[in-house]
Amino acid sequence: GAVVSQHPSWVICKSGTSVKIECRSLDFQATTMFWYRQFPKQSLMLMATSNEGSKATYEQGVEKDKFLINHASLTLSTLTVTSAHPEDSSFYICSASPGSGVKEQYFGPGTRLTVT
Amino acid sequence: AQRVTQPEKLLSVFKGAPVELKCNYSYSGSPELFWYVQYSRQRLQLLLRHISRESIKGFTADLNKGETSFHLKKPFAQEEDSAMYYCALTGGTSYGKLTFGQGTILTVHP
């Protein structure tokens, strides 16, 4: 149980275009979803927290107009990287929490974004 | 501000040797601590959390509030334990948000 999927697993896009990454909880309802960014062999950096039906809360230094997050249902959150640039190339990971006092998060497999 | 420090970026041991991955934290309150593991080409997965006081795959971790540490230990390392290990913390106003340490790459040699 507690499986989280991400789509696509990797994407290449041209500079200036936008790309959407989906995060789905497959067998549970995710009250809260989190989006992280991970650089090679480095730690995960939390970008934002999203709760179903409300606006995402962004961490300091993360541009909310550039990284649009939508959490329209209890099983789906999307991250859209708008007007992508090469420096946005990274590994983006989502996680989901069932809530209701459950503190651990279940992680998706990640999406490799390369902006050319 | 909460912070998690894993002082060792790389740790190498031989199969059958004991292993300890260090984790220290900074938090003004009662945090919840976790260890996550990421095997090669796999997703991050929960290894254990301090409140459950369980042993998973032979690993244990004890929360030492006096030393603000949550070191991960295993008495006899196996080759399949080779992975990236992250210590993480949540609590307080940022309850639910995880703060991760930098990670330790464990390599267990045959």
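None of the values given here were measured: they were computed from a predicted structure. A note on names: the letters A, B, ... follow the listed sequences, proteins ahead of strands, and every chain is numbered from 1. Note that these values count all heavy atoms, side chains included, but never hydrogens, waters or copies made by symmetry.
Taken together through direct or relayed side-chain contacts under 4.5 Å among Ile, Leu, Val, Met, Phe, Trp and Tyr, B:I56 and B:V37 form part of one hydrophobic cluster. Linking ILVMFWY residues whenever their side-chain heavy atoms come closer than 4.5 Å, directly or via other members, places B:L47 and B:V108 in the same cluster. A:V11 is connected to A:F67 through a chain of hydrophobic side-chain contacts under 4.5 Å among Ile, Leu, Val, Met, Phe, Trp and Tyr, so both are in one cluster. In the hydrophobic clustering of ILVMFWY residues, with side-chain heavy atoms under 4.5 Å counting as a link, B:F59 and B:L89 come out together. Cluster annotation: B:W35 is connected to B:L11 through the hydrophobic network of ILVMFWY side chains, with a link wherever side-chain heavy atoms come within less than 4.5 Å.
Within a 6.0 Å sphere centred on NE2 of A:H85, other residues, nucleotides and ligands contribute more than 12 heavy atoms. Residue A:K66 places its NZ atom among more than 12 non-hydrogen atoms of other residues, nucleotides or ligands, all under 6.0 Å distant.
Contact of B:Q38 with chain A is made through the side chain alone, with heavy-atom distances under 4.5 Å. Only the side chain of B:L46 comes within contact range of chain A, with heavy atoms under 4.5 Å apart. Contacts between A:E59 and chain B at a heavy-atom distance below 4.5 Å involve the side chain alone, from C-beta outward.
A:Y36 is listed as a side-chain neighbour of B:L98, based on a closest heavy-atom distance under 4.5 Å. Looking at A:Q105 and B:Y36, their side chains come closer than 4.5 Å, going by heavy atoms from C-beta outward.
Heavy-atom pairs under 4.5 Å with chain B peak, among A:T57, A:V4, A:I93, at A:V4.
Here A:R24 pairs with A:E22 under the salt bridge (Lys or Arg N to Asp or Glu O under 4.0 Å) rule; sequence neighbours left out. Residues meeting the ring pair (Phe, Tyr, Trp, His ring centres under 6.0 Å) test with B:F14, sequence neighbours left out: B:H109.
Residues of residues 69-88 of chain B that come closer than 4.5 Å to chain A, counting heavy atoms only, are B:M84, B:Y86, ordered by residue number. Contact annotation for residues 44-51 of chain A against chain B (heavy-atom separation below 4.5 Å, listed by residue number): A:L44, A:L46, A:T49.
In terms of modelled atom types and a separation under 3.5 Å, the side chain of B:R43 and the main chain of A:F107 share a donor-acceptor contact.
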Evaluation steps, side-chain contact (heavy atoms from CB on, under 4.5 Å), between B:K97 and A:F34: CA-CA 8 Å; B:K97 291 186 192 179; A:F34 303 86; 4.1 Å; yes
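The minimum heavy-atom distance linking B:G101 with A:S43 is given by the pair O-OG, 2.5 Å.
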